[in-house]
Every structure is written in C-alpha cells, then in structure tokens.
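This report concerns only the one structure given below.
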Number of protein chains: 2
Amino acid sequence: MNIGEIASRAGVSRSTVSYALSGKRAVSDATRRRILRVIAEAGYRPNASARALAEGRTRTIALVIPPAGPRLTTIQLGFVASIVAAAGRHELDVLLSPSGGEHDRSFERIVAGRRVDGVILMEVRMRDPRATRLRESGLPFVAIGHTADGGTGCWVDLDYEGLVASCVHHLADLGHQTIALVNRPQEFLELGYGPARRALDGFVAAVAARGLTRIAVCCADEAMAGETCVEDLLTTHPEVTGLVTVNEAALPGMERGLRRLGRAVPGGFSVTGVVGRHWAEGFHPPLTAADVPIAAMADRAVELLAERISAPGAPAGHVLLSPPISLRASTAPPARR
Amino acid sequence: MNIGEIASRAGVSRSTVSYALSGKRAVSDATRRRILRVIAEAGYRPNASARALAEGRTRTIALVIPPAGPRLTTIQLGFVASIVAAAGRHELDVLLSPSGGEHDRSFERIVAGRRVDGVILMEVRMRDPRATRLRESGLPFVAIGHTADGGTGCWVDLDYEGLVASCVHHLADLGHQTIALVNRPQEFLELGYGPARRALDGFVAAVAARGLTRIAVCCADEAMAGETCVEDLLTTHPEVTGLVTVNEAALPGMERGLRRLGRAVPGGFSVTGVVGRHWAEGFHPPLTAADVPIAAMADRAVELLAERISAPGAPAGHVLLSPPISLRASTAPPARR
DNA sequence: TTGTAAGCGTTATCAG
DNA sequence: CTGATAACGCTTACAA
C-alpha cells in the first residue's frame with residue numbers, strides 16, 4: 001500500500017494525497033475528506049524510508065548509551081526510558097547505540113549513514129571522542145554532562161559541584177567535623193568523567209570553606225563494594241561521623257556495612273548525597289539527599305535537541321539542574337564522643 | 001557526499017561503486033582499490049534511508065520495551081543492553097519503542113511506517129494486542145515469553161515452570177515441609193503475564209508431587225514490598241521454613257525482613273528461586289538460584305529474528321531455556337523444631 | 001569488467 | 001484548488 005494506490009482509489013494525484021496529509025497546501029474539504037476516508041480504510045501510512053529520503057530528515061534521534069559491561073545503573077535505565085518517552089512527545093523515534101570498545105561500528109553506522117537527525121550522548125567525558133566525531137560530522141547533539149569545551153555544544157547536566165557542597169554544608173550545620181565523600185569508581189575519576197570530578201571538587205571546596213576535615217574515597221558501582229568501602233573507611237578513620245555519596249549503586253552495601261559496624265543511622269552516623277529517588281527511599285532510614293531528576297533531564301535534553309535540529313544555527317543551549325535536597329531521615333547531629 | 005560524487009572522483013559509474021562496496025558483482029582489482037581509496041578519503045558511507053528505500057529493508061529492528069511507569073527492573077535493563085549488543089553483531093540497529101498506554105503511537109509509527117525489518121517484543125502477555133497487531137501487519141517478530149498461540153509465532157522464554165519446580169524439589173530434598181512462593185505482583189498474574197503464571201503453576205504442581213504444604217503470595221517489584229511481604233508471611237505462617245521467589249527486585253527487602261525476624265539464612269530459613277545473577281550474588285548469603293541467562297536469551301532472540309527476516313517462510317523457531325541452579329549458600333535443611 | 005537506466009515511495013516545485 | 005514531474009541517493013536488472 002503506497003501513496004499512489006491511495007491517490008488512484010481517491011481519484012486524485014499523489015501530490016494531493018501528500019498535501020492532504022501534511023497540510024502544507026490547501027486542499028478542498030470534500031477531497032480531503034475523501035482521501036482521509038480511503039487512507040483509513042486501507043490503513044495506509046507513509047513509508048518512513050521514502051519520506052526520510054525525500055525530506056532529508058529521518059524523524060529519529062540516537063541515544064548513545066554507556067557500555068553495558070559494568071552493568072548499567074537504575075538511573076541510566078530510567079534515563080533511557082525517559083528519553084524515549086520525551087522523544088515520543090516530539091514524534092521522534094529513538095535509535096539505541098551502545099558505545100565504547102567493540103561498539104564503535106554501531107555509532108559510526110548511525111552517524112555516517114545519516115540514520116538520525118540528532119544524537120543524545122549519555123555519560124559524556126570531559127574530552128570525549130564521540131563528541132569530537134559528532135562535531136566534525138555536523139550532526140546536532142546534546143550531551144548529558146559537560147564536555148571540555150563547555151561553551152560550544154549543547155548539554156544538560158546536574159550541578160554535582162553545588163549539590164555535593166550543599167550536602168557538606170548540611171552536615172556542617174548539624175555539627176559534623178570530619179566527613180567523607182564516597183565517590184564513583186576510581187577509573188571514572190581518572191577518565192575525567194564529569195560527575196565524579198565535580199563531586200570531588202565541590203566536596204573539597206565546601207569542606208575547606210567550613211574548616212572541616214575530609215576523607216575522599218572512590219567506590220565501585222556495586223552494593224558489595226559499598227559495604228567494604230564503608231568498613232575500610234570507618235576502621236581506618238573511626239572519627240568520621242558522616243558521609244556524602246554520589247554512588248547510588250553502592251548504597252545498599254553501605255547500609256549493611258554501617259549496621260555491621262554498629263553505627264546506627266542517623267544517631268551514630270549521618271548519610272547524605274545525590275542519588276536517584278528510588279535509592280534514597282529504599283535506604284533505611286530514608287536518605288536525606290538531592291534526588292537526581294531523571295525525567296526532567298531527559299525532557300530538557302530532547303527539547304534542546306529538537307530545537308537544535310529545527311534551527312541548527314541557533315546558539316547552543318545549556319541547562320544546569322540543581323534539584324533541592326529532600327529532607328528525609330538519615331542525617332542528625334553527630335554523637336557526642 | 002553521495003555515491004555519484006564518489007563515482008566521478010574515481011572515474012567510474014555509480015553502479016560500479018555500489019558493486020565494489022557490496023561485492024555482488026565482480027569488480028577488477030585495480031578499480032576496486034581506487035574506489036575504496038576515494039571512499040576512505042571522502043569518509044563516505046551510503047545514506048541509510050536511500051539504501052532502505054531501494055533495498056526494501058531497513059537493517060533495523062525494533063525492541064518494544066515494557067511501560068516505564070512502574071520502573072524497569074535490572075533484568076530488563078540488562079536485556080535491552082544485550083539485545084543491542086547482539087543486534088550489533090548482525091549489523092542491525094535497534095529502535096526502541098515503549099509500549100502501553102499513551103505510547104501506542106510510537107508502536108504504530110514503527111510498524112505501519114515500515115521503519116524496521118522485525119520486532120522483538122519484551123514482556124509479552126498470554127493474549128497480547130501487540131502480537132496480534134504484528135501478526136496482521138506481517139512484520140516478523142519474536143516474543144520474549146509465550147503468547148497464547150504458542151505454536152504460530154517465534155519466541156524465546158525461560159522455563160519458569162520447570163525452574164520453580166526444581167527449586168521446590170531442592171527444598172524438599174533438604175527436608176522442608178512447608179514452603180512459600182514469592183511471586184511477581186498480583187496484577188501481573190491477573191493480566192496473564194506468563195512468567196508469573198507459570199511460576200505459580202510449577203510451584204503448585206511440584207509441591208503437590210512432593211506432598212508438601214504451600215503458601216503462594218504475590219509481591220510488588222520493590223525492595224520495600226519484599227520486606228513487608230516476608231514479615232507478613234512469617235508472622236501468619238511461622239511454620240514456613242523456606243521460600244522460592246521469581247521476584248528479584250524484592251530480594252533486598254526480603255533479606256532485611258528475615259534478619260529483622262531473627263531468621264538466619266540458611267540456618268533458620270532457606271531462600272531460593274530464579275533471579276538475575278547479580279541479585280543472587282548481592283544477597284547475603286549468596287543465593288542458591290537459577291540465574292536468568294539474559295545474554296543468552298537476547299542472543300537467541302536476535303538470532304531467531306534475523307533468520308525470520310531473511311527467510312520469512314521458514315517454520316517458527318522456539319527456544320525454551322532452562323539454566324541450571326547455581327548452588328550458593330542460601331539453602332540448608334530446616335531447623336529442628 | 002563496466003555503464004545505462006529503471007525503479008523504491010515520498011515531498012516539493014512548477015504549471016495550470 | 002489540483003496535476004505532472006523532478007528530485008532524494010541508492011540498488012539492480014539489462015546491455016554492452
């Protein structure tokens with residue numbers, strides 16, 4: 001079933017059918033009605049490939065996800081789902097492309113083959129070869145996270161620096177003197193992964209501003225790592241009375257570790273940070289934390305990308321989100337020594 | 001940059017360039033080399049839309065994911081990643097389509113617009129309108145899970161029935177008399193979601209076969225629900241000495257609930273079931289369970305779909321996977337009363 | 001071994 | 001208000 005078939009059944013030319021559908025040219029009410037009826041009867045829909053070829057755009061965007069290897073976190077998953085939902089609202093389909101290692105071919109296929117009108121890049125690094133490649137290809141893209149050249153490209157990001165600082169201030173206000181940061185994995189920091197970097201920066205600065213003592217550690221994105229991490233931390237530094245974390249996946253393990261050490265939360269130890277709402281609520285007791293606003297980030301990213309696609313010349317848009325800290329039950333003044 | 005440009009730079013016709021690339025016609029070594037050099041210099045890749053239009057296939061498959069609403073589980077996420085990876089090995093791209101509720105337009109856009117060569121349907125229900133729609137459209141598809149008409153379509157599934165039965169037998173062999181099943185949410189059962197249904201069937205049958213006493217409960221896909229579920233279960237039925245579960249997301253909560261009730265695992269209570277490896281290993285103590293073989297399922301699904309696409313007439317393939325139970329540390333003979 | 005030309009199904013331009 | 005017709009960029013008979 002194609003447009004020609006519809007045209008002949010409705011007794012009009014193919015162009016009239018096309019215009020009746022797109023509304024880009026006036027069509028008499030009678031013929032439009034007739035055409036639409038035929039279309040409904042036949043269950044016709046324009047062929048996407050033909051349309052893409054003729055229009056020069058695919059009505060599709062690519063979502064480049066991080067390598068699946070180390071296991072994607074729940075946040076990442078929620079993000080993928082939110083992007084798809086947001087794209088749907090713009091009548092855009094989403095092509096998924098894994099990145100890293102052996103998956104370069106997929107990325108290249110999509111970019112060089114002009115399979116999409118734009119790209120959303122998840123988990124972008126400060127200097128990211130994919131961003132470089134996209135820039136040279138001229139394909140519009142928005143990064144989740146800053147790249148090194150903050151100004152040129154589009155991005156949406158969480159203000160990890162400010163958020164972690166807020167957490168530090170919160171603990172300082174409660175009277176804590178020595179606090180720890182449980183960051184994302186060491187490799188991430190070394191690879192210049194923005195959130196890990198800026199969490200550390202924000203931590204160091206805020207701790208200095210308040211005259212506190214700090215211990216910063218990295219931790220694999222896993223419950224078990226969180227457990228040993230907390231145990232190591234508190235055996236080598238028993239004076240630590242609170243921690244802030246940006247590592248949600250380690251949270252369940254941290255909960256176990258603290259319990260094992262006899263540190264009740266929040267009476268004997270305070271925990272806060274920036275993590276997905278689901279993780280915060282699943283913690284015992286519920287975690288006082290800045291909730292990562294996944295849906296909002298996805299919405300803004302798609303919106304930015306859609307603008308960029310329709311007006312490639314427009315100035316690059318940036319969005320830095322800074323959600324409030326939700327006060328739940330995991331922080332309190334430190335225990336008297 | 002298009003094929004004509006390459007052709008003129010290499011001093012040949014467009015068809016020769018096409019054939020040099022596809023290998024579907026002999027091309028002299030000299031010209032092929034020349035063409036490939038020009039292509040490399042220009043960084044040329046065939047336009048995917050044009051190719052799709054000419055060839056009548058898009059080299060893309062759709063992955064229809066469950067509604068994002070209730071939160072996707074880690075298994076689902078791993079599955080998405082595995083499908084993308086497997087598809088990449090077949091040089092296929094993956095279009096993501098949410099399903100359910102407001103997302104029907106996305107599905108319809110993809111199916112009716114012929115945007116893909118085939119579809120993988122996740123979390124299929126016994127009577128699934130999407131499967132019906134695909135059958136009538138003639139688009140090849142493979143379902144993850146059976147549909148009601150088991151024979152006609154392609155599917156790959158886990159043998160939940162047999163697997164849960166194996167778990168029951170394992171507990172029975174250890175001497176347990178009264179055991180519980182912690183199933184997926186009630187609504188899933190009511191909607192005729194296969195795994196929930198068949199887990200229950202396998203449980204009931206195996207318990208009967210061994211002359212045990214059973215309690216079957218449903219539980220939301222959440223840690224907190226797992227906690228209250230286990231607590232309710234053991235306060236109303238303290239005689240239960242072990243449980244089998246297919247609800248991985250509830251596992252962390254079940255761990256907490258058991259601890260709170262003073263039921264040490266495995267000394268005072270046994271736990272087993274079929275869940276993702278990651279969840280099994282994250283349990284304390286590590287869970288004796290059948291590990292959901294996500295990657296294998298994804299591989300087989302893509303393989304089946306690829307076959308189906310290239311040979312639409314061939315008989316429908318079915319794959320019923322039945323991974324072994326990994327013996328870890330969460331089951332033991334019941335405590336003497 | 002290579003070139004010519006006819007599609008593939010739309011959209012968009014140009015006439016009427 | 002509507003109909004021819006030329007793109008869009010590629011694949012693939014059909015010729016040479």
Side-chain angles (χ1 to χ4, degrees), chain A residues 1-36 38-39 42-60 91 93 109-117 137 310, chain B residues 1-36 38-39 42-60 91 93 109-117 137 310:
Chain A
M1 183 57 51
N2 61 26
I3 200 173
E5 183 70 16
I6 300 295
S8 70
R9 289 197 196 181
V12 295
S13 72
R14 294 177 335 202
S15 52
T16 302
V17 175
S18 178
Y19 286 121
L21 238 25
S22 71
K24 292 183 183 172
R25 182 166 96 174
V27 172
S28 82
D29 224 53
T31 46
R32 183 203 290 96
R33 238 194 286 282
R34 184 155 31 96
I35 290 171
L36 291 181
V38 172
I39 284 177
Y44 163 79
R45 282 217 124 192
N47 177 301
S49 304
R51 189 207 281 248
L53 180 58
E55 280 191 324
R57 63 175 175 151
T58 59
R59 298 164 187 263
T60 306
E91 303 274 87
D93 286 319
R109 223 173 23 234
I110 289 172
V111 173
R114 312 248 101 182
R115 293 185 74 92
V116 298
D117 300 333
S137 83
S310 57
Chain B
M1 184 57 51
N2 61 26
I3 201 174
E5 183 70 15
I6 299 296
S8 70
R9 287 197 198 181
V12 296
S13 73
R14 295 181 337 206
S15 56
T16 303
V17 174
S18 178
Y19 286 123
L21 238 27
S22 70
K24 291 183 183 173
R25 181 166 96 175
V27 172
S28 83
D29 225 52
T31 47
R32 182 199 295 93
R33 236 193 288 282
R34 185 154 32 95
I35 290 171
L36 292 181
V38 172
I39 284 176
Y44 164 78
R45 284 215 124 194
N47 177 302
S49 303
R51 190 207 280 249
L53 180 57
E55 281 191 322
R57 60 172 177 157
T58 59
R59 297 164 188 265
T60 305
E91 304 273 87
D93 286 320
R109 222 173 27 233
I110 289 173
V111 173
R114 311 249 101 179
R115 294 185 74 92
V116 299
D117 299 334
S137 84
S310 57

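Chain naming here is simple, since letters A, B, ... match the order of the sequence lines and numbering starts at 1 in each.
- Contacts between residues 44-60 of chain B and DNA chain D, defined by a heavy-atom separation under 4.0 Å, are made by Tyr44(B), Pro46(B), Asn47(B), Ala50(B), Arg51(B), Ala54(B), Glu55(B).
- If you measure from atom CD of Glu5(A) to atom C1' of dG9(C), you get 13 Å, rounded to the nearest angstrom.
- When atom types are taken as modelled, the side chain of Thr58(B) and the backbone of Arg115(B) share a donor-acceptor pair closer than 3.5 angstrom.
- A donor-acceptor pair under 3.5 Å is formed between the side chain of Arg34(A) and the backbone N or O of Ala10(A).
- Considering only heavy atoms from C-beta on, Arg51(A) comes within 4.5 Å of Arg59(A) through its side chain.
- What separates CG of Asn2(A) from C1' of dT11(C) is a distance of 14 Å, to the nearest Å.
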Working for side-chain contact (heavy atoms from CB on, under 4.5 Å), residues Glu5(A) and Asn2(A) | CA-CA 5 Å; Glu5(A) 183 70 16; Asn2(A) 61 26; 3.6 Å; yes
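- Residue Ser18(B) is classed as a base contact, given a heavy-atom separation below 4.0 Å to a base.
- Within 4.0 Å of Thr31(B), counting heavy atoms only, lie sugar-phosphate atoms of the nucleic acid but no base atom.
- Using a 4.0 Å heavy-atom distance criterion, Gly113(A) is classed as making no nucleic acid contact.
- A donor-acceptor contact under 3.5 Å links the side chain of Arg25(B) to the base of dT2(C).
- Residue Thr16(A) is classed as a sugar-phosphate contact, given heavy-atom separations below 4.0 Å to backbone atoms only.
- Closest approach of Ile3(B) to Val17(B), counting heavy atoms only: CG1-CG1, 3.6 Å.
- Atom NZ of Lys24(A) is separated from atom C1' of dT11(C) by 7 Å (rounded to the nearest Å).
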Arg45(B) and Arg114(A): side-chain contact (heavy atoms from CB on, under 4.5 Å), yes or no, with the steps?
-> CA-CA 9 Å; Arg45(B) 284 215 124 194; Arg114(A) 312 248 101 182; over 6 Å; no
Does the pair Ile39(A) and Leu21(A) meet the rule for a side-chain contact (heavy atoms from CB on, under 4.5 Å), with working shown?
-> CA-CA 10 Å; Ile39(A) 284 177; Leu21(A) 238 25; 3.7 Å; yes
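- For DNA chain D, the contact window with chain A, defined by any atom under 4.0 Å from a protein heavy atom, covers dC1(D) to dG9(D) in 5' to 3' order.
- Ile3(B) has its CD1 atom 14 Å from the C1' atom of dT4(C), to the nearest Å.
- Residue-level contact check: Ser28(A) touches the backbone only, with heavy atoms under 4.0 Å from sugar-phosphate atoms and none from bases.
- Contact detail for Ser49(B) and Leu53(A): the closest heavy-atom pair is CB-N, 4.0 Å.
- In this entry the distance linking CD1 of Ile35(B) with C1' of dG3(C) reads 12 Å, nearest Å.
- Here OG of Ser15(B) is found 5.0 Å from CZ of Arg25(B). Values are rounded to the nearest 0.5 Å.
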